[in-house]
Amino acid sequence: MHNSYQYRDGEFYVEDVPVRKIAESAGTPCYIYSYAVLRDAFLSYRDAFSGIDTLLCYSVKANSNLAILNAFAGLGAGFDIVSMGELIRVKRAGGDLSKVLFSGVGKTEEEMRAAIEAGILFFNVESVEELRLLNKVGLELGTKAPVALRVNPDIDPKTHPYISTGFKKSKFGIEIGRAVEVYEEAGSMEGIRVTAIDAHIGSQIFELTPFVDSLTKLVNLADDLIDKGVNIEYIDIGGGLGISYKMDEIPPNPKEYADVIAGLVGGKPYKLVLEPGRSLVGNAGMLVTKVLFLKEGTAKKFVIVDAAMNDLIRPAFYESYHEILTVSGPAKAVEKVDVVGPICESGDFLAKDRKFPRVKSGDLLAVMSAGAYGFAMSSNYNTRPRAPEVLVKGGEFRVVRKRETYDDMLSGESIPEFGG
Ligand code: LLP
């Protein structure tokens, strides 16, 4: 665990602020992020890749709060976006639009136009139809849209099937075997300027071999394309580096990752682009929740808390594990429990059959490693307002997103009056 998380005098701290103090001020459930942890994650990437000409584009979908984007912009990051909404966020956060990549299998014409007008670095194009539409938009705007083709290298990233994206059978990218042909078509389009090659094989990847296999295929393709006279200035290898969710897990660090990559792209004529999301923010966030009730059945004991699957869907969706710490000092795990939320679904759990300390109503718990795909995937299911987000920097904290109100939640709805 990063040294910004510590127990001091029996209290859990984020940097120099007691978690209890934030929970009392912002209420629970609430997300808390540490600036120091995300900064260190970014710097460890930057230092690891300092020997290679690299652009680090933070993948906005992992955590798109304006304060987080602004923090990364301040550290010099570019951004990997997948929607108009994310483009607007990056603009509002003060991000450098010339360092933005636009990924995703289903971009709309409106999104393409806005991104070209914003002057982004390039689009990661995922199909021939998308390429043709982008060409049309480029022509209409009297410009050439900068393009990478996202190729699908058919690699098993050895992670959860829902977050594996580089298989032949997955919906992502253009089959690598067809890439040259599609690059040739792109080269003949007046509204397109080919500039790069891209792949992204999945997320929460713990082994370096899949990255090496994917990059090897990309490098071979890039070299082949360059021989054919295609302009390849960047090679974008996507995101996907895993993080530790369990205390004893040791993911590959950016330095090991950079070393194997340097072996493959060192001396090549193109720049490297990375799109990390989780590994920049995952360990920088926690979800703080309060124990509401304890319930002891004959078969199970439940700790019922005020955060639910609408706040953090990862355990329900991917059966993922998040460490849960007691805020009022470290405590020994003594009994097996399920930590569950108030939502009317059996899938609404934060931990299952977890060896847990004895807790009581009113206790605060910190669900760790919730900085990536936590708030970003939250919803209003069961008409629950989304939790506030708080950013800590040193001894200070600020609410960077207010808790939603009931009026916020209902503001777009109306009861219709029909003529008949
Ligand atoms: N680039 C592309 C094109 C992506 O699709 C993604 C993530 C990334 C970069 C960033 O990957 P990362 O470095 O964060 O692994 N909701 C899931 C993860 C979904 C990942 C989607 N794509 C989860 O909670 O585990």
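Nothing fancy with the numbering, it's 1 onward along the sequence. Any value given below was found using the heavy atoms of this structure, including those in side chains, with hydrogens, waters and symmetry copies removed.
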| Does Arg354 count as lying over the ring of Tyr321, i.e. NZ or CZ under 6.0 Å from the six-ring centre, within 45 degrees of the axis? |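 That pair qualifies as a cation-pi contact.
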| request: Give a yes/no verdict on a cation-pi contact between Lys352 and Phe349, requiring under 6.0 Å between NZ or CZ and the six-membered ring centre and an angle within 45° of the axis. | output: yes
| query | NZ of Lys402: more than 12 outside heavy atoms within 6.0 angstrom? | reply |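 Open: at most 12 neighbouring heavy atoms sit under 6.0 Å from NZ of Lys402.
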| query | Does atom CD of Glu319 have more than 12 heavy-atom neighbours from other groups under 6.0 Å away? | reply | no
Give a yes or no answer on whether the side chain of [X] reaches the backbone of [Y] with a donor-acceptor pair at less than 3.5 Å.
{"X": "Asp348", "Y": "Ile343", "value": "yes"}
{"X": "Glu15", "Y": "Gly394", "value": "yes"}
{"X": "Asp236", "Y": "Gly238", "value": "yes"}
{"X": "Ser379", "Y": "Tyr381", "value": "yes"}
{"X": "Lys99", "Y": "Gly76", "value": "yes"}
{"X": "Lys301", "Y": "Lys295", "value": "no"}
{"X": "Ser411", "Y": "Asp408", "value": "yes"}
{"X": "Glu249", "Y": "Tyr245", "value": "yes"}
{"X": "Ser320", "Y": "Arg314", "value": "yes"}
{"X": "Glu86", "Y": "Val82", "value": "yes"}

| message | Exactly one of Asp40, Leu56, Thr54, Asn253 should register a side-chain contact (heavy atoms from CB on, under 4.5 Å) with Tyr45. Which one does? | response | Leu56
| query | Would you say the side chains of Asn152 and Glu126 form a donor-acceptor pair under 3.5 Å? | reply | no
| query | Rounded to the nearest 0.5 Å, how far apart are OG of Ser59 and CG of Leu274? | reply | 11.5 Å
| task | For a ring-ring contact (aromatic ring centres under 6.0 Å, His included) with Phe72, tell me which candidate from Tyr33, Tyr35, Tyr58, Phe79 qualifies. | result |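 That would be Tyr58; it is the only one of Tyr33, Tyr35, Tyr58, Phe79 passing the ring-ring contact (aromatic ring centres under 6.0 Å, His included) with Phe72.
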| request: For residues Phe122 and Tyr234, establish whether the separation of their ring centroids is below 6.0 Å. | output: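 Yes.
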| request: Would you please indicate yes or no on a ring centroid separation below 6.0 angstrom for His200 and Phe172? | output: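 No.
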| Side chains of Val339 and Ile324: closer than 4.5 Å at any heavy-atom pair? | yes
Classify the ring geometry of [X] against [Y]: parallel below 30°, tilted from 30° to 60°, perpendicular beyond 60°.
{"X": "Tyr5", "Y": "His2", "result": "perpendicular"}
{"X": "Tyr7", "Y": "Phe12", "result": "tilted"}
{"X": "Phe123", "Y": "Phe102", "result": "parallel"}

| task | Go through the steps to decide whether Val390 and Val400 satisfy the test side chain to side chain contact (heavy atoms under 4.5 Å, CB included), and finish with yes or no. | result | CA-CA 5 Å; Val390 173; Val400 293; 5.9 Å; no
| note | Hits for salt bridge (charged side-chain N to carboxylate O under 4.0 Å, His left out) against Asp306, two or more places apart or cross-chain, chain-then-number order -> none
